[in-house]
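In what follows, every heavy atom counts, from backbone to side chain, and hydrogens, waters and symmetry copies are set aside. Throughout, a chain's letter reflects where its sequence line sits, starting with A, and its residues are numbered from 1.
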2 protein chains.
Amino acid sequence: MTPLAKMKRALPEGQDIPEPILNRMGFLLNRAAYKLRETMERALAPHGLTGKDLGILLFIREKGALPQQEIGKCMHVDRTTMVDIIDDLEKRGLVERKSHPTDRRAHAIYLTARGKEILPQALHLGKAAERKFLSLLPARDRKEIFRILKHLVLSHHLHEANKE
Amino acid sequence: MTPLAKMKRALPEGQDIPEPILNRMGFLLNRAAYKLRETMERALAPHGLTGKDLGILLFIREKGALPQQEIGKCMHVDRTTMVDIIDDLEKRGLVERKSHPTDRRAHAIYLTARGKEILPQALHLGKAAERKFLSLLPARDRKEIFRILKHLVLSHHLHEANKE
DNA sequence: TATTGTTATACTCTATAACTATA
DNA sequence: TATAGTTATAGAGTATAACAATA
């Protein structure tokens with residue numbers, strides 16, 4: 001028996017998920033994302049950060065001080081939503097708005113000292129949550145799912161970038 | 001060069017996604033789910049259905065007439081949200097509330113004749129959208145991602161079911 | 001006493017439109 | 001004229017609390 005078939009037999013009566021549902025990519029992606037979000041939220045609770053917050057802080061660290069909209073463009077966040085997110089992160093003392101060197105309309109967003117300090121800790125908690133989430137998979141599949149999802153996401157990203 | 005590295009080099013200046021972001025499972029799952037939702041919405045527009053609606057109709061067909069909360073429990077939808085969703089599907093004439101054979105508090109949700117008629121068409125459009133979404137992957141990876149995600153989702157589902 | 005469906009309510013997330021200061 | 005940030009506002013989506021009917 002395959003591992004999948006074995007798992008399905010282990011489910012209590014009436015708790016099973018019908019096969020046609022389980023074969024829908026949308027169901028699988030959303031359910032997995034939801035479950036990871038739960039795990040992540042709990043792991044990052046000490047810092048009061050969401051997974052999305054963490055992604056944005058990481059993005060700023062990687063790309064340096066950028067205008068809000070540059071960050072939002074890559075992270076798929078509307079510019080009005082970015083205002084709220086940066087407001088929030090600024091209130092917590094993790095980032096600060098400074099004047100942009102060449103465009104006086106724009107802000108440049110910097111990590112504060114405190115932001116630089118907690119980011120590695122939060123990233124560590126995040127990675128641990130991710131590992132926990134994936135721990136039910138064999139090691140080989142953990143590598144495979146990263147590789148395939150990266151390929152998929154990058155393909156679509158490339159496809160869109162070339163349209164503009 | 002790996003296919004991934006090749007793709008990254010093809011991106012216009014400033015449009016790249018930093019590697020540490022790309023290595024976050026949350027980013028990958030949410031970005032993939034978002035992209036598929038877009039594709040799915042467009043594909044199902046002729047029926048005015050979302051991917052989630054389609055999943056619920058499919059669930060009813062597979063499991064037969066069930067109370068609203070039974071559907072919601074499996075599909076991770078709150079019972080108050082289920083009221084709205086069933087209201088909506090009922091207004092469109094795709095499902096109907098009938099009295100439950102043994103529990104007079106509950107409703108049993110049935111597909112109407114029209115629901116049974118459009119469901120195969122909608123499923124077909126949905127599958128086509130899914131294929132389009134995955135078409136950028138090699139055939140082998142398309143199989144692998146299904147297998148791994150099913151394993152992951154079922155493991156977590158089993159894990160939760162056994163807690164209660 | 002607990003549970004199903006329902007309503008009313010609130011809260012989050014996100015998006016639209018309009019404003020200001022720049023470019 | 002177009003764009004960055006902002007505000008106010010409105011719309012989804014979802015969750016909480018309370019209620020009637022029933023178990």
(message) What range of DNA chain D does chain B touch, first nucleotide to last, counting atoms under 4.0 Å from its heavy atoms?
(response)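 Both ends considered, the range comes out as D:dT14 to D:dA23.
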
(request) Please list, chain by chain and in numerical order, all residues satisfying salt bridge (Lys or Arg N to Asp or Glu O under 4.0 Å) with B:R131, sequence neighbours excluded. (result) none

(message) Once salt bridge (Lys or Arg N to Asp or Glu O under 4.0 Å) is applied, do any residues pair with A:R24, and if so which ones, sequence neighbours excluded?
(response) none

(message) Are B:V83 and B:I85 connected into the same hydrophobic cluster when the rule is that any two of I, L, V, M, F, W, Y join if their side-chain heavy atoms are below 4.5 Å apart?
(response)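 No, it is not one cluster - the side chains of B:I85 and B:V83 are not joined through contacts under 4.5 Å.
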
(request) Indicate, with a heavy-atom threshold strictly under 4.0 Å, whether B:H100 touches base, sugar-phosphate, or nothing. (result) nothing

(message) Going by salt bridge (Lys or Arg N to Asp or Glu O under 4.0 Å), name the pairs with one or both residues in residues 59-75 of chain A, residues two or more places apart or in two chains.
(response)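 Every pair satisfying salt bridge (Lys or Arg N to Asp or Glu O under 4.0 Å) with a residue in residues 59-75 of chain A: A:K63-B:D16, A:E70-A:K73.
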
(request) For residues 74-85 of chain B, pull every pair meeting salt bridge (Lys or Arg N to Asp or Glu O under 4.0 Å), keeping only residues two or more places apart or in separate chains. (result)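 Those involving residues 74-85 of chain B do not exist here.
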
Per-pair distances, 0.1 Å, donor-acceptor, side chain in residues 36-44 of chain B, under 3.5 Å, sequence neighbours excluded:
from  : atom 1 : to    : atom 2 : distance (Å)
B:R37 : NH2    : A:N30 : OD1    : 2.9
B:E38 : OE1    : B:K35 : NZ     : 3.4
B:T39 : OG1    : B:K35 : O      : 3.0

(request) Quickly work out the B:I86 CD1 to C:dT4 P distance and round it to whole Å. (result)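 That distance rounds to 15 Å.
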
(message) By the side chain to side chain donor-acceptor pair (under 3.5 Å) test, which pairs, at least two apart or in different chains, include something from residues 108-129 of chain A?
(response)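 Output for this query lists A:K127-A:E130.
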
(message) I want to confirm an ordering. Mapping B:I85 and A:A108 to their closest nucleotides on DNA chain D, which one lands closer to the 5' end?
(response)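 Taking each residue's closest nucleotide, the earlier one in sequence belongs to A:A108.
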
(message) Each nucleotide in nucleotides 15-22 of chain C should get exactly one letter: B, S or -. Can you fill that in based on protein heavy atoms under 4.0 Å?
(response) BBBB--BB

(request) Only pairs at least two apart or in different chains count here, so list each ring-ring contact (aromatic ring centres under 6.0 Å, His included) that has a residue in residues 86-106 of chain A. (result) none

(request) Please list all pairs passing the ring-ring contact (aromatic ring centres under 6.0 Å, His included) test where one or both residues lie in residues 28-49 of chain B, with sequence neighbours left out. (result)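 Qualifying pairs, neighbours excluded: A:H76-B:Y34.
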
(request) Using a cut-off of strictly less than 4.0 Å, decide whether B:R97 has a side-chain nitrogen or oxygen near OP1 or OP2 of C:dT6. (result)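 Yes, within the criterion.
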
(message) Holding to ring pair (Phe, Tyr, Trp, His ring centres under 6.0 Å), I want the full list of residues that pass it with A:H151, two or more places apart in sequence or in another chain.
(response)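 Residues passing ring pair (Phe, Tyr, Trp, His ring centres under 6.0 Å) with A:H151: none at all.
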
(message) Give the residues of residues 47-75 of chain B touching DNA chain D, defined as any heavy atom closer than 4.0 Å, sorted by residue number.
(response) B:K52

